[in-house]
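Note sheet for the following structure.
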Amino acid sequence: MPRANDAVEAMLIEYADLLSILFDDPYKPRAYEKAARAVGGYPVDLEGKDLPEILKIPSVGRSIGEKIEEFLGSGTMAELEALREKIPPGVRDMMSIQGLGPKKAMVIYQELGVGSVDELVAAIEEDRVAALPRFGAKTQENIARGIGQLQSAGGRVKIDVALGVAEVFVDALSSLPQSRRVAYAGSLRRMKETIGDVDLLVAGDEATPVMDAFVAQPSVARVLAHGDAKTSIVTELGLQIDLRVVPEAAWGAAMIYFTGSKAHNIRIREMAVRAGLKLNEYGLFDAKSGELLAAETEEDVYGRLGMGYIEPTLREDRGEVEAALAGEVPTLLTEKDLQGDLHTHTNLTDGLASLEDMVGRAAGLGYRYFAITDHAPNLYMQRMTDDKILAQRARVAKLQSKYPKMTLLHGTELNIDPDGNVDWDESFLAGFDLTVASVHSHFNQSRDAMTARMLRAIENPYVDIIGHLTTRQIGKRPPVDLDLQAVFEAAGRTGTALEINSHPDRLDLSDEHVLWARRHGVRFAVDTDAHAVPHLDHRRFGVGVAQRGWLTKDDVINAWSLRRLQRFLAEGRP
DNA sequence: GCCGTTTTCGGCCCGACTGTTTTCAGTCG
């Protein structure tokens with residue numbers, strides 16, 4: 001369930017959208033958007049908070065504060081309701097069409113009486129949009145295409161898909177003689193779980209040949225814009241890619257700008273303005289003299305603003321600017337810190353690879369320990385038995401002699417049944433080096449039942465790690481309904497680790513859940529849940545989530561030494 | 001609407017591209 005903050009954020013953004021449609025003043029909606037972001041990123045849950053508490057949120061003044069208070073108390077806000085009376089919700093929906101903003105949406109509504117995307121489609125078919133003042137055939141065509149894009153792709157792709165596309169383009173552009181440096185930036189570099197469009201950056205003196213080579217790539221389906229500094233295309237998959245070419249001397253400033261996030265950029269630009277400076281994609285300048293102060297590396301630019309380097313995964317305006325100013329940016333978990341993987345499967349159950357192949361790849365990754373955690377009997381389709389899992393334990397023990405530098409741990413992935421019970425009795429569970437417990441069915445239980453179920457599993461002394469807590473599958477299955485506050489408190493109190501499942505379809509916990517859970521002292525396990533050898537490399541995505549959740553290696557049990565991990569696993573057992 | 005060791009009023013992040021315009025508004029990132 002979303003926090004109250006998320007509901008408030010959505011309310012403020014809707015209000016800002018309606019203001020931008022109805023009025024000309026651009027600053028008022030911007031103030032609401034800014035406040036909305038501040039609320040969304042605010043670490044304290046606003047549920048039940050009074051006005052003095054609300055006013056502690058930056059960018060929230062009396063006017064917005066009172067609206068938030070009203071909304072928290074009544075679930076709605078009178079002035080928002082009043083604006084909703086004036087504008088059908090479909091007009092706001094139209095703003096999600098590429099190329100159609102608040103002003104054009106309002107003209108379409110006022111002049112044509114068109115108040116929904118469906119009605120807009122009809123109006124375009126009748127050629128009525130092109131005839132509007134300051135519209136035209138081109139504009140109508142672009143809106144039509146924007147609608148097509150909105151309805152087909154729906155926008156975002158999963159991070160592994162975007163990364164694959166980005167790497168192809170980076171390779172192609174890197175081979176050009178005009179390219180000095182090539183990199184992807186944007187939300188992909190920040191490791192967001194889904195990617196709306198891919199941002200590419202090339203350093204070079206000649207933009208035109210790079211832009212021409214870009215639009216000539218085989219997977220380009222359509223060119224949206226083609227300029228000297230900026231070009232945008234859409235691939236056959238419907239993924240938009242933006243390319244910017246900048247002078248090499250401005251690489252650092254450009255990387256900061258194109259990595260974002262937008263909120264982060266706004267924060268540091270405001271800081272620059274206040275210091276009498278100007279920051280853009282070409283560098284940091286003295287506002288008066290125009291003198292260039294920093295541009296070549298990201299470190300230079302942040303340094304000149306009085307901050308240390310900020311990792312891309314932190315750049316969301318969730319406190320990283322304040323931390324950097326105070327010199328308190330945490331040293332984030334990296335792939336290299338991971339000493340092992342604690343959730344993996346073999347072909348004894350539903351994995352594709354043999355025990356030997358999985359362990360072989362784990363050794364190749366340089367792990368100091370590695371856990372095999374095949375499914376337990378209560379997931380009946382896996383056909384697990386006591387004899388089979390004990391035979392596997394013997395095989396693991398035998399295989400150990402081949403890997404003197406890596407300790408093999410024999411574990412299992414238990415099934416949390418609807419009542420919160422898991423497979424096997426305590427004496428049998430005591431025989432495992434570690435256990436992961438996860439929900440695999442009955443996703444639609446009530447919030448109360450699901451929370452009780454999860455708490456019971458967390459309290460079980462033989463459960464070491466909760467796997468994929470919410471069971472969401474990105475774009476396919478929603479998360480289960482849970483009282484996360486209660487779950488995180490219990491996990492922190494009992495020392496039950498929560499998994500960050502690294503599979504790009506899951507990424508469960510999400511970054512926001514990690515931020516929330518770590519405030520309760522929760523420990524995490526960044527695991528792959530690998531069902532095949534290549535899945536072991538998904539850890540890069542799990543590490544991305546961990547970084548976005550501000551985790552250091554001290555927070556992550558499989559970044560610890562074997563001794564420390566074993567002490568952690570032993571704690572709480574009878 | 002918010003905010004202030006340059007400001008309690010007058011600013012508000014900045015630049016590129018498109019389309020419909022004869023100098024710029026709208027949109028996007």
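Just so we're on the same page: letters track the sequence lines, and every chain starts at 1.
For the residue pair A/M191 and A/R548, the shortest heavy atom distance occurs at O-CD, 3.1 Å. Contact record, A/V210 with A/L176: CA-CD1, 4.0 Å, taken as the closest heavy-atom pair. Nearest heavy-atom pair across A/Q240 and A/Q98 is OE1-NE2, 2.9 Å. When every heavy atom of A/S187 is checked against every heavy atom of A/D197, the shortest pair comes out as OG-O, 4.2 Å.
Identified under the ring pair (Phe, Tyr, Trp, His ring centres under 6.0 Å) test for residues 25-53 of chain A, with sequence neighbours left out: A/Y15-A/Y32.
On the P atoms, B/dG19 is 28 Å away from B/dC13, given to the nearest whole Å. Nucleotides B/dT27 and B/dT21, compared at atom P, are 15 Å apart to the nearest Å. To the nearest whole angstrom, the two C1' atoms, one in B/dC14 and one in B/dT20, are 24 Å apart. Rounded to the nearest Å, the gap between the C1' atom of B/dG10 and that of B/dG15 is 23 Å. Between B/dG1 and B/dT18, the distance separating the two C1' atoms is 31 Å to the nearest Å. Distance noted for atom C1' between B/dC9 and B/dG26: 29 Å (whole Å). B/dC17 sits 22 Å from B/dT23 when the P atoms are compared, rounded to a whole Å. Remark: the separation of the C1' atoms in B/dT7 and B/dC12 is 13 Å, to the nearest Å.
In this structure, a donor-acceptor pair under 3.5 Å is present between the side chains of A/E81 and A/T76. Defined by atom type and a distance below 3.5 Å, a donor-acceptor pair is present between the side-chain atoms of A/T297 and A/D300. Checked by atom type, the side-chain pair A/D337/A/T334 shows a donor-acceptor distance below 3.5 Å.
Nucleic acid contact class of A/A16 (heavy atoms, under 4.0 Å, all strands): none.
Remark: B/dT8 base-pairs with no nucleotide; criterion is Watson-Crick or G-U wobble with both hydrogen-bond distances under 3.5 Å.
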## Note on the structure
Counting primed atoms, P, OP1 and OP2 as sugar-phosphate and everything else as base, the B/S/- map of nucleotides 6-15 of chain B against protein heavy atoms under 4.0 Å is ------BBBS
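Syn is the glycosidic conformation of B/dT7, whose angle stays within 90° of 0.
Atom CD1 in A/I21 sits roughly 14 Å away from atom C1' in B/dT27 (whole-Å rounding). Remark: P of B/dC2 and CZ of A/R267 are 17 Å apart, rounded to the nearest angstrom. Rounded to a whole Å, the CD atom of A/E33 is 14 Å from the C1' atom of B/dC2. Note: CZ (A/R145) to P (B/dT18) measures 12 Å, nearest angstrom. Across the protein-nucleic acid pair, A/Y32 atom OH and B/dG1 atom P stand 5 Å apart, rounded to whole Å. Per the geometry, CG belonging to A/D17 stands 12 Å off P belonging to B/dT27, to the nearest Å. Taking atom CG of A/L100 as the reference point, atom C1' of B/dG29 lies 17 Å away to the nearest angstrom. Summarising the geometry, the separation between CD1 on A/I143 and C1' on B/dC28 is reported as 15 Å, rounded to the nearest angstrom.
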What are the atom names and distances for every N/O pair under 3.5 Å that joins the protein to nucleotides 22-26 of chain B?
none

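You'll find that the side chain of A/T139 is closest to B/dG19, out of B/dC2, B/dC17, B/dG19. The side chain of A/S59 has B/dC3 as its nearest neighbour among B/dG1, B/dT18, B/dC3. With B/dC17, B/dG1, B/dG29 as the candidates, the nucleotide lying closest to the side chain of A/A225 is B/dC17.
A residue-by-residue look at A/F258 and A/A35 shows that A/A35 has its nearest nucleotide of DNA chain B further toward the 5' end. With DNA chain B read from its 5' end, the first of the two nearest nucleotides for A/I64 and A/G136 is the one closest to A/I64.
Aromatic rings of A/F169 and A/Y184 (six-membered ring for Trp) have centroids beyond the 6.0 Å cut-off, not under it.
For B/dG19, neither phosphate oxygen OP1 nor OP2 lies less than 4.0 angstrom from any side-chain nitrogen or oxygen of A/Q140. Dashed line: the shortest gap from a side-chain N or O of A/N142 to OP1 or OP2 of B/dT18 is not under 4.0 Å.
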### Task
Before giving the answer on side-chain hydrogen bond (donor to acceptor under 3.5 Å, both in side chains), spell out for A/Q485 and A/W516 the whole-Å C-alpha distance, their side-chain angles and the decisive distance to 0.1 Å.
CA-CA 8 Å; A/Q485 182 78 14; A/W516 187 354; 2.9 Å; yes
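Remark: A/R180 engages A/D205 in a salt bridge, criterion side-chain N to carboxylate O under 4.0 Å.
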